[in-house]
Participant: 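Quick one: the structure is below, questions incoming.
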Amino acid sequence: MIDIKVLLFSTFLICLGKLSFAQFQDIAPTIGITTGSGNGLFGAGISFCDFNGDGLDDLTLGTSFGQPIRFFENINGTLTEIPPLIPNTEEVKQILWADYDNDGDKDLFISVYNGFNRLYNNDGNMNLTDVTIASQIPANQNPTFGASFVDFDNDGWLDLYIANRGFNTSSSIKTNLLLRNNQNGTFTNVTNAQMVGNGNTLTFMGVFFDYNKDLFPDLCLIEDKSFPNVFLRNSAGNFADVSVASNMDVIMDAMNGGVGDYDNDGDLDIYITNTTPGVTNVPQQGNVLFRNNNDGTFTDVAPSAGVVYNNWSWGGNWLDYDNDMDLDLYVCSSTSTPNAFYENDGSGNFTLPFPMGLPGDNTVTMANAIGDFNNDGLMDMAVCANNPDPFLIWENTSPTTHNWIKVALEGVQSNRDGIGAWIETTTNGFTQFRYPMSGEAFLAQNTQNHHIGIGSNTLIDNITIKWPSGVIDVINNVLPNQRIVVKEGMGLILGNVQACANTLHVNATINNTTYIADQILTSDGIIPTGFMIQFQAGDCIELQADFEVELGADFETTMQGCL
């Protein structure tokens, strides 16, 4: 038995009340972004997904015809542009990183307006190969905008939905497409069998979310102009139209479907954006916030909640910017009116911290995506603008000491990305819900490090993952301000410190490398030990990246795990 001494630099967790103002700064110029997406129709897509698997949020920016997609790798909290990973220069809309073949790395799908949608397979070393033809994805010139990866039949493999804004175009495929994953690298078109094409309409996106909590993702089609929005209930992999019964069949200039539990009542609501009243002749004026009534119906509460906006608006995305345990809302505008940043007061009502928007946030914008590039637990926003306006990268510098947790998922029976799972986080008896998606809001992909603010609380009672397969994992007594990885059927497999029974167990994560079970990071290097460290329960501590381990002290080691 080897004795070791452990020296820890701890941080003190200070409980303060809510600080009620947002503070963001645009860092786009500092990382070399001085232009927008180009002059494509209605902007381009943004992904804030970790594409290289190091646990940090990377950034991918769509562009217009003739320009390469821009890739920014996150290197220790700094976004650094790298050479284009693919040679595509078409007009890019949706950008989705997803593990469609369940091999442990992120593959890339891009939708293209009036061009050819593309699927690229990742060999595990970020070498991307165009497998569009081999995968049997239709290689047609389509008027595509939104796309979503979703496991609609819960067979453990991600399927693909493509939204074609096809009315009055010369493109070859005008209906939407549902492509089922055959589990062998190919897809089968099941659109007609499932009756989810929606004819020759103006679909901006198909957003999948589980509105009735039966673990099967339902489908909302966001329709522009004179076509009503469509809502399709998924019952064990089969869709039925419940648009009228659910009250979702609203005719509006719909662009965006932003999904989240804004009122913390345990079900998912959806925010749909619209154009300026009077500009077009549609019945619905202003944006819509459809509150889920948990009985199969939705009610528009935008006027009472204060989020109608009454502008020509596009992307509307949810985030808890101040970690105060409720979701706030950021909305893009394609007019000179500033984008709207709405703060949730905790009761489901919203106010504008800045009556004229964030300072400097008055460019013509369409899409926005949410992530945390500097890994400080404060969610940042990447915003797409057409030229001559540049992209905006809003770093969140809001003065709050509230705590947080990030949960990443690794499916086994379910799809590898955990798309369609439910994350339930209970803190001091209060439960919040997150629902992982791949393709949300308008042309956006948010981080898959699913973020939950926990206010001034210093311990999370439990985190429960309800996987699409039906497997349930529960992790108890988790310390905040860390990223954890939960593997289906195994529980916690990566985290810094977890309070477990009467002990604290350590998995050390240093410089994005994890040392568990047989290694401990020391000031001099890696010392193989064959065991984990165990501490007796005591004061709440938080490991930092500069902790040291030295030989020759009174602490004993143990084989006991904490899963």
Side-chain angles (χ1 to χ4, degrees), residues 15-26 48 256 258-265 268-273 286-291 300-311 313-333 337-362 365 368-372 376-383 392-404 425 427 430 432-434 440-442 444 446-447 450-457:
C15 300
L16 295 177
K18 177 178 179 178
L19 299 173
S20 59
F21 59 95
Q23 186 171 308
F24 289 81
Q25 62 179 1
D26 178 21
F48 231 137
N256 171 87
V259 173
D261 183 15
Y262 81 94
D263 52 0
N264 282 325
D265 65 351
L268 296 171
D269 316 292
I270 182 169
Y271 186 72
I272 303 177
T273 59
N287 295 348
V288 170
L289 174 55
F290 273 126
R291 185 187 64 205
D300 178 19
V301 296
S304 61
V307 292
V308 172
Y309 192 35
N310 282 331
N311 209 302
S313 50
W314 295 83
N317 230 328
W318 301 100
L319 71 158
D320 185 358
Y321 88 90
D322 53 358
N323 292 328
D324 67 346
M325 306 175 71
D326 56 47
L327 291 176
D328 311 295
L329 179 63
Y330 180 75
V331 186
C332 285
S333 165
T337 301
N339 298 336
F341 189 91
Y342 292 103
E343 182 171 2
N344 192 334
D345 68 1
S347 64
N349 296 309
F350 295 83
T351 57
L352 289 166
F354 298 96
M356 295 302 292
L358 299 175
D361 194 13
N362 56 357
T365 59
N368 68 83
I370 308 301
D372 180 13
D376 63 354
L378 296 174
M379 303 310 288
D380 312 303
M381 302 178 298
V383 187
L392 301 168
I393 312 296
W394 289 113
E395 179 187 3
N396 187 347
T397 58
S398 302
T400 178
T401 56
H402 288 156
N403 299 311
W404 50 272
T425 304
T427 309
F430 181 77
Q432 299 179 75
F433 298 83
R434 296 293 186 268
E440 55 253 68
F442 176 71
N446 295 335
T447 176
H450 306 290
H451 168 267
I452 305 100
I454 64 166
S456 59
N457 295 289

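This structure is a prediction, so every number in the text was calculated from the model and none was measured.
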Participant: Of all the heavy-atom pairs spanning Ser456 and His402, show the shortest one and how long it is.
Facilitator: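 In this case the closest contact between Ser456 and His402 is N-CD2, 3.9 Å.
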Participant: With Asp372, which residues qualify under salt bridge (Lys or Arg N to Asp or Glu O under 4.0 Å), at least two apart?
Facilitator: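 For Asp372, the residues satisfying salt bridge (Lys or Arg N to Asp or Glu O under 4.0 Å) (neighbours in sequence not counted) are Lys406.
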Participant: Find out whether Thr273 and Val331 are in side-chain contact, i.e. whether some heavy atom of one side chain is under 4.5 Å from a heavy atom of the other.
Facilitator: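 Of all side-chain heavy-atom pairs linking Val331 with Thr273, at least one is under 4.5 Å.
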Participant: Suppose we screen for ring-ring contact (aromatic ring centres under 6.0 Å, His included). Which residues come up paired with Phe341, at least two apart in sequence or across chains?
Facilitator: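 Listed in chain order: Phe24, Tyr321.
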Participant: Would you kindly say whether Thr427 and Asn457 are connected by a side-chain donor-acceptor distance under 3.5 Å?
Facilitator: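 Absent: no donor and acceptor within the cut-off.
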Participant: Of all heavy-atom pairs between Val307 and Leu329, which one has the smallest distance, and what is that distance?
Facilitator: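 In this case the closest contact between Val307 and Leu329 is CG1-CD2, 4.0 Å.
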Participant: Under 4.5 Å between any side-chain heavy atoms of Arg434 and Leu327, yes or no?
Facilitator: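 Result yes, sub-4.5 Å side-chain heavy-atom pair found.
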Participant: Can you check whether Pro303 reaches Val308 side chain to side chain, under 4.5 Å on heavy atoms?
Facilitator: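 Sidechains of Val308 and Pro303: in contact.
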Participant: Within this structure, what is the CG-CD1 distance for the pair Asn368 and Ile393, rounded to the nearest 0.5 Å?
Facilitator: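 The distance works out to 11.0 Å.
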Participant: Measuring only between side-chain heavy atoms, which start at C-beta, is Asp326 closer than 4.5 Å to Asn264?
Facilitator: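 SC-SC contact between Asp326 and Asn264 confirmed.
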Participant: Quick one: closest heavy-atom pair of Tyr309 and Ala340, and the distance?
Facilitator: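 In terms of heavy atoms, the two residues are closest at CE1-CB, 3.5 Å.
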Participant: Could you tell me whether the side chain of Asn446 reaches within less than 4.5 Å of the side chain of Met379, counting heavy atoms only?
Facilitator: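 No - every pair of side-chain heavy atoms lies 4.5 Å or more apart.
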Participant: I need the Asn323 CG to Leu378 CG distance, nearest 0.5 Å.
Facilitator: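 The distance works out to 6.0 Å.
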Participant: Quick one: does Arg291's side chain get under 4.5 Å of Tyr262's, heavy atoms only?
Facilitator: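 Yes, at least one pair of side-chain atoms sits under 4.5 Å.
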Participant: Which atoms form the tightest heavy-atom contact between Asn344 and Asp328, and what is the distance?
Facilitator: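 The answer is N-OD1, 2.8 Å.
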Participant: To the nearest 0.5 angstrom, please state how far the OG1 atom of Thr337 sits from the CG atom of Asn362.
Facilitator: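 Here the interatomic distance stands at 9.5 Å.
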Participant: Going by distance alone, is a donor N or O of one side chain under 3.5 Å from an acceptor N or O of the other, for Asn287 and Ser313?
Facilitator: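 Yes, a side-chain donor-acceptor pair sits under 3.5 Å.
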Participant: Heavy atoms, side chains only, cut-off 4.5 Å: are Asp320 and Ile452 in contact?
Facilitator: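 The answer is no; the side chains never approach within 4.5 Å.
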Participant: I need the Ile454 CD1 to Asp324 CG distance, nearest 0.5 Å.
Facilitator: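 Output value for this atom pair is 12.0 Å.
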Participant: Between Val383 and Cys332, what is the shortest heavy-atom contact and its length?
Facilitator: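 It is CG1-SG, 3.8 Å.
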Participant: Considering all heavy atoms of both residues, which atom of Gly316 and which atom of Ala441 are nearest to each other, and what is their separation?
Facilitator: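 Here Gly316 and Ala441 meet closest at O-CB, 3.8 Å.
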Participant: List the steps, then state whether side chain to side chain donor-acceptor pair (under 3.5 Å) holds for Asn339 with Thr365.
Facilitator: CA-CA 8 Å; Asn339 298 336; Thr365 59; 3.0 Å; yes
Participant: Got a donor-acceptor contact below 3.5 angstrom from the Asp380 side chain to the Asn396 backbone?
Facilitator: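 Yes, because the side chain of Asp380 sits within donor-acceptor range (under 3.5 Å) of the backbone of Asn396.
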Participant: Could you tell me the separation between the CE atom of Met325 and the OG1 atom of Thr425, rounded to the nearest 0.5 Å?
Facilitator: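 That separation rounds to 9.5 Å.
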Participant: Measuring from atom CZ of Phe290 to atom CD1 of Ile272, what distance do you get when rounded to the nearest 0.5 angstrom?
Facilitator: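 Atom-to-atom, Phe290:CZ and Ile272:CD1 are 5.5 Å apart.
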Participant: So Thr351 and Asp345, do their side chains get closer than 4.5 Å, heavy atoms only?
Facilitator: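 The answer is no, as the side chains (C-beta and beyond) never meet within the 4.5 Å cut-off.
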Participant: Do Tyr271 and Asn256 have side-chain atoms, one donor and one acceptor, less than 3.5 Å apart?
Facilitator: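 No pair is found: no donor N or O on one side chain lies under 3.5 Å from an acceptor on the other.
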Participant: Please verify the inter-ring angle class for Trp314 with Phe442; under 30° counts as parallel, over 60° as perpendicular, anything in between as tilted.
Facilitator: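 Ring orientation, 0 to 90° scale: tilted.
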Participant: Run Asp322 and Glu343 through side chain to side chain contact (heavy atoms under 4.5 Å, CB included) and show every step you take.
Facilitator: CA-CA 9 Å; Asp322 53 358; Glu343 182 171 2; 3.4 Å; yes
